[in-house]
Amino acid sequence: MLCRLTLIPDGTVLVYRGRPGDTYEAALLSFGFNPDTALIFSGGRSLPQDKKIEEEEARIFLASSRG
(Lines give C-alpha, C1' and ligand atoms only; values in the text may rest on other atoms or scores of the structure.)
Protein backbone atom coordinates (compact mmCIF):
# COMPACT_ATOMS: atom_id res chain seq x y z
CA MET A 1 0.00 0.00 0.00
CA LEU A 2 1.39 3.39 -1.02
CA CYS A 3 0.26 6.86 0.00
CA ARG A 4 1.79 10.09 -1.25
CA LEU A 5 2.00 12.68 1.54
CA THR A 6 2.63 16.31 0.59
CA LEU A 7 3.92 18.48 3.41
CA ILE A 8 2.54 21.98 3.63
CA PRO A 9 3.89 24.67 3.41
CA ASP A 10 7.14 23.55 1.72
CA GLY A 11 5.68 21.01 -0.72
CA THR A 12 8.01 18.16 0.21
CA VAL A 13 6.54 14.86 -0.99
CA LEU A 14 6.96 11.71 1.08
CA VAL A 15 5.81 8.28 -0.05
CA TYR A 16 4.58 6.00 2.71
CA ARG A 17 4.91 2.30 1.95
CA GLY A 18 2.89 0.48 4.52
CA ARG A 19 0.67 -2.48 5.17
CA PRO A 20 -3.10 -2.64 4.84
CA GLY A 21 -4.63 -1.32 8.04
CA ASP A 22 -1.85 1.18 8.78
CA THR A 23 -3.04 4.58 10.03
CA TYR A 24 -1.93 8.12 9.32
CA GLU A 25 -0.50 8.15 12.83
CA ALA A 26 1.82 5.25 11.91
CA ALA A 27 2.83 7.00 8.69
CA LEU A 28 3.65 10.28 10.45
CA LEU A 29 5.63 8.51 13.17
CA SER A 30 7.62 6.60 10.54
CA PHE A 31 8.82 9.94 9.13
CA GLY A 32 9.62 11.37 12.58
CA PHE A 33 6.59 13.65 12.93
CA ASN A 34 4.45 13.99 16.04
CA PRO A 35 0.91 13.14 14.85
CA ASP A 36 -0.57 15.48 17.47
CA THR A 37 1.01 18.46 15.68
CA ALA A 38 -0.27 17.65 12.19
CA LEU A 39 -3.53 18.16 10.31
CA ILE A 40 -4.31 15.66 7.58
CA PHE A 41 -6.46 16.50 4.56
CA SER A 42 -7.57 14.54 1.52
CA GLY A 43 -10.29 15.32 -1.00
CA GLY A 44 -11.03 18.63 0.71
CA ARG A 45 -11.82 17.08 4.08
CA SER A 46 -9.96 16.67 7.34
CA LEU A 47 -8.97 13.15 8.35
CA PRO A 48 -8.29 11.87 11.88
CA GLN A 49 -4.80 10.59 12.60
CA ASP A 50 -6.16 7.19 13.66
CA LYS A 51 -7.92 6.63 10.32
CA LYS A 52 -6.74 3.70 8.23
CA ILE A 53 -4.93 4.90 5.11
CA GLU A 54 -7.23 4.32 2.15
CA GLU A 55 -6.36 7.39 0.08
CA GLU A 56 -3.59 7.51 -2.51
CA GLU A 57 -2.71 11.11 -1.60
CA ALA A 58 -3.00 13.36 1.41
CA ARG A 59 -1.77 16.80 2.45
CA ILE A 60 -0.11 17.17 5.82
CA PHE A 61 -0.17 20.59 7.50
CA LEU A 62 2.55 20.66 10.15
CA ALA A 63 2.23 22.85 13.22
CA SER A 64 5.83 22.19 14.29
CA SER A 65 9.03 20.69 12.95
CA ARG A 66 10.24 17.11 13.35
CA GLY A 67 11.05 16.15 16.88
Side-chain angles (χ1 to χ4, degrees):
M1 174 262 304
L2 297 174
C3 183
R4 180 181 166 179
L5 305 172
T6 303
L7 304 180
I8 305 299
D10 69 2
T12 300
V13 175
L14 304 172
V15 177
Y16 180 70
R17 292 171 175 84
R19 294 173 290 187
D22 281 359
T23 64
Y24 284 101
E25 178 179 31
L28 291 167
L29 288 170
S30 77
F31 291 114
F33 294 109
N34 179 346
D36 294 332
T37 64
L39 299 173
I40 307 155
F41 288 87
S42 182
R45 68 182 212 278
S46 177
L47 304 175
Q49 64 183 347
D50 62 350
K51 181 188 180 303
K52 291 180 186 176
I53 299 174
E54 299 168 324
E55 297 74 20
E56 292 180 12
E57 294 186 26
R59 292 183 179 263
I60 309 296
F61 292 80
L62 300 173
S64 67
S65 61
R66 295 180 197 209

Test item: [X] and [Y] side chains (from C-beta on) under 4.5 Å apart, heavy atoms:
X	Y	answer
Phe33	Glu25	no
Arg59	Leu7	no
Pro35	Leu29	yes
Leu62	Ile8	no

(message) Tell me every residue that passes side-chain hydrogen bond (donor to acceptor under 3.5 Å, both in side chains) with Glu54, counting only those two or more places apart in sequence or in another chain.
(response) Lys51
(request) State which residues pass side-chain hydrogen bond (donor to acceptor under 3.5 Å, both in side chains) with Asp36; sequence neighbours excluded, sorted by chain then number. (result) Gln49
(message) Could you work out, with side-chain contact (heavy atoms from CB on, under 4.5 Å) as the rule, every residue matching Ser30, not counting sequence neighbours?
(response) Tyr16
(request) Identify, with sequence neighbours excluded, every residue that meets side-chain contact (heavy atoms from CB on, under 4.5 Å) alongside Arg19. (result) Asp22
(message) If hydrophobic clusters are built from ILVMFWY residues whose side chains come within less than 4.5 Å, do Phe31 and Met1 share one?
(response) yes
(message) For residues 38-61, which residue pairs pass the ring pair (Phe, Tyr, Trp, His ring centres under 6.0 Å) check, not counting sequence neighbours?
(response) Phe41-Phe61
(request) Please identify each residue that fulfils salt bridge (charged side-chain N to carboxylate O under 4.0 Å, His left out) with Lys52, with sequence neighbours left out. (result) none
(request) Identify the residue among Ile60, Ile53, Leu5 that makes a side chain to side chain contact (heavy atoms under 4.5 Å, CB included) with Ile40. (result) Ile60
How close do [X] and [Y] get, heavy atom to heavy atom, and via which atoms?
X	Y	result
Thr23	Asp50	CG2-O, 3.4 Å
Ser42	Leu47	CB-CD1, 3.6 Å
Cys3	Ala58	SG-N, 4.4 Å

